[in-house]
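A short worksheet on the structure shown next.
Labels below follow one simple rule: chain letters A, B, ... track the order of the sequence lines, proteins then strands, and each chain is numbered from 1.
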Amino acid sequence: MANERYNAPAREKHWQHVWEKGQIFRASEDETRPKCYVLEMFPYPSGRIHMGHVRNYAMGDVFARYKRTKGFNVLHPMGWDAFGMPAENAAMERKVHPGKWTNANIDTMRGQLKSIGLSLDWSREIATCSPDYYQHQQKLFLDLLAKGIAYRKSSKVNWDPVDHTVLANEQVIDGRGWRSGALVEQRELTQWFFKITDYADELLRGLETLTNWPDKVRLMQTNWIGRSEGMLIRWALDAKTAPNGHSELEVYTTRPDTLFGASFLAVAADHPLAKAAAGKNPELAAFCDECRRMGTSVADIEAAEKRGFDTGIRAAHPFDKDWQLPVYVANFILMDYGTGAIFGCPSGDQRDMDFARRYDLPVVPVILPPGEDAATFALQNKAYEDDGVMINSHFLNGKSTKDAFDDAAGRLEKQQLGAKPQGARKVNFRLRDWGISRQRYWGCPIPIVHCTDCGVVPVAERDLPIKLPDDATFDKPGNPLDRHPAWKHTACPKCAKPALRETDTMDTFVDSSWYFVRFTAPKSDSPVDKKAAQYWLPVDQYIGGVEHAILHLLYSRFFARALCDTGHLSFATNTREPFAALFTQGMVTHETYKSQDGYWLQPNEVKFEGEGANRHAVEAASGRPVTIGSIEKMSKSKKNLVDPDDIIAHYGADCARWFMLSDSPPERDVIWTEAGVAGAGRFIQRVWRITDDIAERFPGKPGARPADFGPEAMNIRKAAHRALDQVAKAIEALRFNVAVAHIHEFANVLQTGLSKDGEGLNWAAQEAAFLLVTMIGPMMPHLAEECWARLGYNTLLANEPWPAAEAVLLVDDQVTIAVQVNGKRRDELVISRSAGTGEVEAAALKLEPVIRALEGRPVKKVIVVPQRIVNVVG
RNA sequence: GCGGACGUGGUGGAACCGGUAGACACACAGGACUUAAAAUCCUGAGAGGGUAACCUCGUGAGGGUUCGAGUCCCUCCGUCCGCACCA
């Protein structure tokens with residue numbers, strides 16, 4: 001056995017088989033042990049596993065395996081986010097059914113995941129495209145509908161007239177559909193929505209409790225929810241100029257303090273007042289049409305000037321009914337924020353300033369910035385949007401911005417217009433309700449029937465699941481469900497007359513909003529097994545990419561609450577947060593290569609020559625020069641992919657895992673390099689050699705501990721226990737690169753120590769091997785099992801506990817402390833850990849380099865930080 | 001435009017709560033073993049000066065606080081990310 005190289009690919013298969021046979025990663029509820037739910041974002045079955053998956057799942061696996069060694073009852077499941085557009089595109093392009101394509105991908109990817117050696121409970125595997133899953137989602141939809149959380153409304157959508165489908169905003173590029181290239185139309189469609197806005201405040205407040213989430217994600221969600229405190233203010237319209245039926249205009253503002261700086265009002269092109277006014281004015285109608293056509297693309301908005309059209313309508317200022325302001329239709333007002341109408345204060349808002357300058361409207365400064373003189377203060381074309389002292393504002397003059405806000409708001413609340421107060425405080429959110437209707441086949445059918453007599457009727461629960469028909473056609477664009485000859489024809493659940501099914505399916509984000517709940521009882525007859533969910537939830541550690549910082553993570557937080565409010569779920573914790581801790585890992589990147597004629601080349605098509613600045617590349621086949629491009633996320637289009645299968649077949653899964661975890665902090669991008677992988681492979685062999693060597697020279701497990709250890713043995717023992725302690729801390733904090741460094745450090749000490757001899761070395765070596773193997777276990781589980789067996793243990797390491805580090809070995813009696821003179825390090829001092837301040841000071845002042853550095857100056861002060869540093873000030 | 005993060009050797013990165021900057025790894029150089037190579041082992045290395053002991057400089061730039069700053073504060077430069085007419 002000795003001196004043989006460790007054959008990772010062969011042994012890994014063996015250990016995977018052993019684990020699987022023993023079913024050791026199966027989880028079940030157990031009230032006697034603390035639980036730990038470890039989850040990585042489940043993959044979309046796109047075809048093959050890529051390195052990003054390997055990194056994500058390796059991290060989760062280290063954490064899950066570590067927690068298991070610490071005595072936790074660990075749930076670590078895996079499944080498939082299996083509905084989505086790529087399957088339908090594949091169907092269109094390759095004439096293969098989306099289900100068949102998806103299931104084939106799942107089979108491939110399951111096999112790949114298994115080859116990584118993850119400690120997953122595969123008995124809980126779910127696929128969202130299976131009726132076993134989506135029938136429960138349909139039930140949830142019905143309950144949300146009954147509770148008023150799901151509702152139908154008409155709204156504007158991006159409609160692609162060629163593909164006959166709704167497009168998400170991200171799919172509209174320069175006003176054209178991303179696939180068809182057709183000019184996108186704004187269409188009014190009736191769609192299903194979830195009332196996430198009802199939860200805006202709770203979702204916002206909940207973020208404060210998520211202290212184990214990255215600040216970045218919390219901030220992004222905070223901004224996305226976009227809470228603002230302001231007022232609704234109603235303005236009386238001048239009867240002579242206003243259209244019939246319009247006597248007032250309600251605006252939303254966060255700055256009632258700047259009311260005396262107002263110089264105009266503006267409404268969106270779709271505002272009822274604009275429409276009414278346009279009815280009598282063709283020129284205005286044309287302007288409104290123009291406004292509607294804009295705003296589909298980001299570029300348009302950037303380039304767009306502030307433009308408006310004076311409707312001729314006049315409105316009375318709330319604090320001075322003789323002060324008449326013009327009402328414009330303006331292109332920068334959004335109909336779906338606030339009331340779709342504003343008052344413009346040019347001195348206090350840059351957009352209003354731009355608008356005022358263009359249409360020559362008054363600009364009255366109302367806020368004096370700190371440090372400015374009221375007599376000389378003037379604004380050019382730059383508005384002042386911050387706080388200050390009120391000027392030109394009658395009764396508000398001299399007040400602070402905040403006091404002025406309260407004063408103005410208070411007056412407007414008391415003041416009457418008609419029978420109601422003229423103003424009301426109002427909190428507004430940027431967040432909109434979640435539109436979930438998609439005109440697609442490969443999604444969860446919405447369980448609704450449209451009846452000409454009864455209207456919108458929910459499908460009866462006993463009729464669930466509403467399954468997708470297998471025989472849909474994908475040969476032309478549009479929704480295959482809608483044009484299916486039979487599927488949509490059904491009987492009304494209420495009156496039994498012929499009726500039509502809803503042919504829209506749900507946004508795939510709905511599927512992923514509760515899969516982590518389903519994992520807690522994947523075979524349950526009801527959507528959620530309340531008891532199981534209460535035992536396992538919340539997820540203790542969630543790991544995934546930042547790209548889901550907003551949508552998926554916000555939808556899931558909403559869904560958890562919606563499930564509680566429909567009685568499906570209750571949390572044992574006092575918040576309703578589904579993910580107690582979140583970690584967002586970085587991407588896997590690689591250099592890119594381009595041939596002379598501008599084609600991307602795969603890494604294995606390229607040969608390298610030279611080093612450092614002289615490093616260059618040529619095409620392996622032809623020798624023609626290659627341009628080494630930037631380091632980018634691995635992608636098919638740039639051809640800088642490395643296939644995990646190749647790496648695993650050549651180096652083994654442990655090697656890929658170890659490389660991914662080394663060096664780069666997990667939240668940052670990791671650059672995949674051939675040299676780095678080879679280095680990881682060398683370390684694997686080194687661990688094997690050390691273990692093999694110890695097993696050979698000091699066979700057996702550590703027995704009765706010797707009374708004394710020589711310095712060599714002590715050295716090894718200290719390094720071992722320190723590493724054990726540090727690695728544990730690093731893994732708990734998900735700082736895998738630091739854990740790796742500590743293991744390296746220990747391996748170095750151990751290897752050097754083994755070449756020596758001394759009292760107790762035999763025992764220390766046996767202990768060190770035991771600890772080394774234990775601490776690599778979570779990261780390189782196959783190698784660890786192999787070494788474990790080689791050392792003569794006849795258990796599975798995966799079932800072994802994490803040993804406790806011996807506290808006495810973690811601290812030295814002697815400490816080395818740095819000695820500074822005037823803050824500059826001059827020497828170091830080895831002294832007893834318990835040495836008092838005076839003792840340390842005296843010893844430091846005696847040091848030759850200290851005396852030299854003082855150059856005869858008297859010592860003014862000595863600062864002693866125990867066990868750390870001495871600073872002599874002279 | 002608004003908001004946020006980051007900037008440390010040739011490279012990836014470490015550095016507890018303000019306390020010896022560069023751990024650990026990659027790459028590199030030299031050496032040992034070998035007929036040779038691979039593999040492995042040993043040694044070296046932030047920059048500059050000095051035979052050496054040692055000295056000076058050094059964490060994007062410039063200021064500041066402190067006995068002491070990679071770490072805290074201010075200004076600037078650069079890179080990356082998020083949002084984008086949200087009233």
Side-chain angles (χ1 to χ4, degrees), chain A residues 3 5 214-217 219-224 226-228 230-231 251-255 258 266 294-295 298 300-302 304-306 330-334 336-345 348-352 354-355 385 428-432 546-547 549-550 611-613 615 659 662-665 667-671 673 675-680 682-683 685-686 689 729 735 737-748 751-752 755 816-829 848-849 852-853 860-865 867-874:
Chain A
N3 295 325
R5 285 177 65 81
D215 289 342
K216 180 192 167 123
V217 174
L219 186 72
M220 279 165 73
Q221 291 210 358
T222 302
N223 292 339
W224 188 265
R227 183 180 198 275
S228 61
M231 287 205 90
V251 305
Y252 179 72
T253 181
T254 55
R255 299 296 300 272
T258 65
M294 307 226 313
V298 174
D300 278 355
I301 290 168
E302 245 169 28
E305 289 170 279
K306 307 280 172 285
N331 65 349
F332 63 97
I333 311 299
L334 305 171
D336 47 10
Y337 186 79
T339 61
I342 61 143
F343 81 79
C345 172
D349 183 289
Q350 192 55 48
R351 290 161 307 180
D352 297 346
D354 296 346
F355 192 79
E385 303 187 347
N428 220 339
F429 293 94
R430 206 194 81 118
L431 184 70
R432 320 258 172 89
V546 241
E547 65 273 20
I550 295 172
E611 293 299 337
R615 181 170 174 268
F659 171 74
S662 310
D663 294 348
S664 288
E667 68 278 7
R668 275 193 230 172
D669 292 352
V670 61
I671 305 169
T673 62
V677 181
R682 280 198 298 275
F683 185 70
Q685 295 302 335
R686 200 164 148 228
R689 272 198 312 278
K729 282 182 183 147
R735 304 193 60 200
N737 57 323
V738 177
V740 166
H742 287 301
I743 291 173
H744 274 136
E745 214 167 353
F746 168 45
N748 290 344
Q751 198 164 17
T752 312
S755 65
T816 306
I817 59 180
V819 181
Q820 298 181 332
V821 175
N822 294 330
K824 209 163 238 167
R825 183 186 161 276
R826 293 299 172 178
D827 202 357
E828 48 185 47
L829 190 59
E848 168 60 23
R852 205 177 334 124
K860 282 192 212 139
K861 197 156 98 176
V862 179
I863 288 144
V864 178
V865 181
Q867 296 160 35
R868 276 268 152 80
I869 205 164
V870 184
N871 192 8
V872 180
V873 186

Separation of the [atom1] atoms in [N] and [M], to the nearest angstrom:
N     : M     : atom1 : answer
B/C16 : B/C41 : C1'   : 35 Å
B/G1  : B/U65 : C1'   : 34 Å
B/C81 : B/A37 : P     : 47 Å
B/U11 : B/G50 : C1'   : 30 Å
B/U20 : B/U34 : P     : 46 Å
B/G18 : B/G12 : P     : 27 Å
B/A21 : B/U56 : P     : 13 Å
B/C57 : B/U35 : C1'   : 50 Å

Which residues pass the side chain to side chain donor-acceptor pair (under 3.5 Å) test with [X], sequence neighbours left out?
X        : answer
A/Gln867 : A/Arg833
A/Asn223 : none
A/Arg255 : A/Asp257
A/Asp336 : A/Arg432

- A/Arg868 side, atom CZ; A/Ile863 side, atom CD1 - distance, nearest 0.5 Å: 15.5 Å

Side-chain contact, heavy-atom cut-off 4.5 Å: [X] with [Y]?
X        : Y        : value
A/Asn737 : A/Asp663 : no
A/Val740 : A/Phe683 : no
A/Ile342 : A/Asp349 : no

- Query: Is there a donor and acceptor pair closer than 3.5 Å between the side chain of A/Arg826 and the base of B/C54?
  - Reply: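 Side chain to base: no pair present.
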
- Message: Quiz question: going by heavy-atom distance under 3.5 Å, is there a donor-acceptor pair between the base of B/C81 and the side chain of A/Lys216?
- Response: no

Listed nucleotide nearest any side-chain atom of [X], set [options]:
X        : options             : result
A/Arg432 : B/C86, B/A14, B/A84 : B/C86
A/Glu745 : B/C24, B/C81, B/G19 : B/C24
A/Trp224 : B/G3, B/A87, B/A84  : B/A84
A/Ala818 : B/U20, B/C24, B/G3  : B/U20
A/Asn871 : B/C86, B/G19, B/A87 : B/G19

Quickly work out the [X] [atom1] to [N] [atom2] distance and round it to whole Å.
X        : N     : atom1 : atom2 : answer
A/Glu828 : B/C54 : CD    : P     : 12 Å
A/Glu848 : B/C54 : CD    : C1'   : 12 Å
A/Glu385 : B/A87 : CD    : C1'   : 10 Å
A/Lys861 : B/G68 : NZ    : C1'   : 11 Å
A/Arg868 : B/A21 : CZ    : P     : 14 Å
A/Met220 : B/C2  : CE    : C1'   : 15 Å

Is the backbone of [Y] close enough, under 3.5 Å, to the side chain of [X] for a donor and an acceptor to pair up by distance?
X        : Y        : result
A/Tyr252 : A/Tyr337 : no
A/Asn428 : A/Ser228 : no
A/Gln820 : A/Ile869 : no

Under 4.0 Å, heavy atoms only, any strand: does [X] hit a base, just the sugar-phosphate, or nothing?
X        : result
A/Thr816 : base
A/Asp215 : nothing
A/Val865 : base
A/Ile333 : base
A/Ile863 : base
A/Asn737 : sugar-phosphate

- Since syn is defined as within 90° of 0, does B/G9 count as syn or as anti?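 This nucleotide is in syn.
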
- Item | ring pair (Phe, Tyr, Trp, His ring centres under 6.0 Å) against A/Phe332, all qualifying residues, sequence neighbours excluded | A/Phe355

- With sequence neighbours excluded, tell me which residues meet ring pair (Phe, Tyr, Trp, His ring centres under 6.0 Å) with A/Phe746.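 Once residues adjacent in sequence are excluded, A/Phe746 has no partner under the ring pair (Phe, Tyr, Trp, His ring centres under 6.0 Å) criterion.
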
Side-chain N or O of [X] closer than 4.0 Å to phosphate OP1/OP2 of [N]:
X        : N     : result
A/Arg735 : B/A15 : yes
A/Tyr337 : B/A87 : yes
A/Lys824 : B/G19 : no

- How would nucleotides 39-45 of chain B be written as a contact map, 5' to 3', with B for base contact, S for sugar-phosphate-only contact and - for no contact, using protein heavy atoms under 4.0 Å? -SS----

Need the pair for [N]. Rule: Watson-Crick or G-U wobble, both distances under 3.5 Å, any strand; none if unpaired.
N     : result
B/A23 : none
B/C17 : none
B/C41 : B/G31
B/G58 : none
B/C83 : B/G1
B/U71 : none
B/A52 : none
B/U65 : none

- Message: I'd like to check the salt bridge (charged side-chain N to carboxylate O under 4.0 Å, His left out) partners of A/Lys216; sequence neighbours left out, ordered by chain and number.
- Response: none

- List in chain and number order the residues that pass salt bridge (charged side-chain N to carboxylate O under 4.0 Å, His left out) with A/Arg825, two or more places apart in sequence or in another chain; answer none if no residue qualifies.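 Salt bridge (charged side-chain N to carboxylate O under 4.0 Å, His left out) check on A/Arg825 returns A/Glu828.
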
Could I get a table of every N or O pair under 3.5 Å where one atom is in the protein and the other is in nucleotides 50-53 of chain B?
none

Scan nucleotides 8-12 of chain B against the protein and return all N/O pairs shorter than 3.5 Å with their distances rounded to 0.1 Å.
from  : atom 1 : to       : atom 2 : distance (Å)
B/G12 : O2'    : A/Ser664 : OG     : 3.3
B/G12 : N2     : A/Asp663 : OD1    : 2.9

- Task: Using the closest heavy atom to pick a nucleotide of RNA chain B for each, name whichever of A/Val873 or A/Gln820 lands nearer the 5' end.
- Result: A/Gln820

- Quick one: list whatever passes side chain to side chain contact (heavy atoms under 4.5 Å, CB included) with A/Asn822, sequence neighbours left out.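 A/Asn822 satisfies side chain to side chain contact (heavy atoms under 4.5 Å, CB included) with A/Arg857, A/Val873 once adjacent residues are dropped.
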
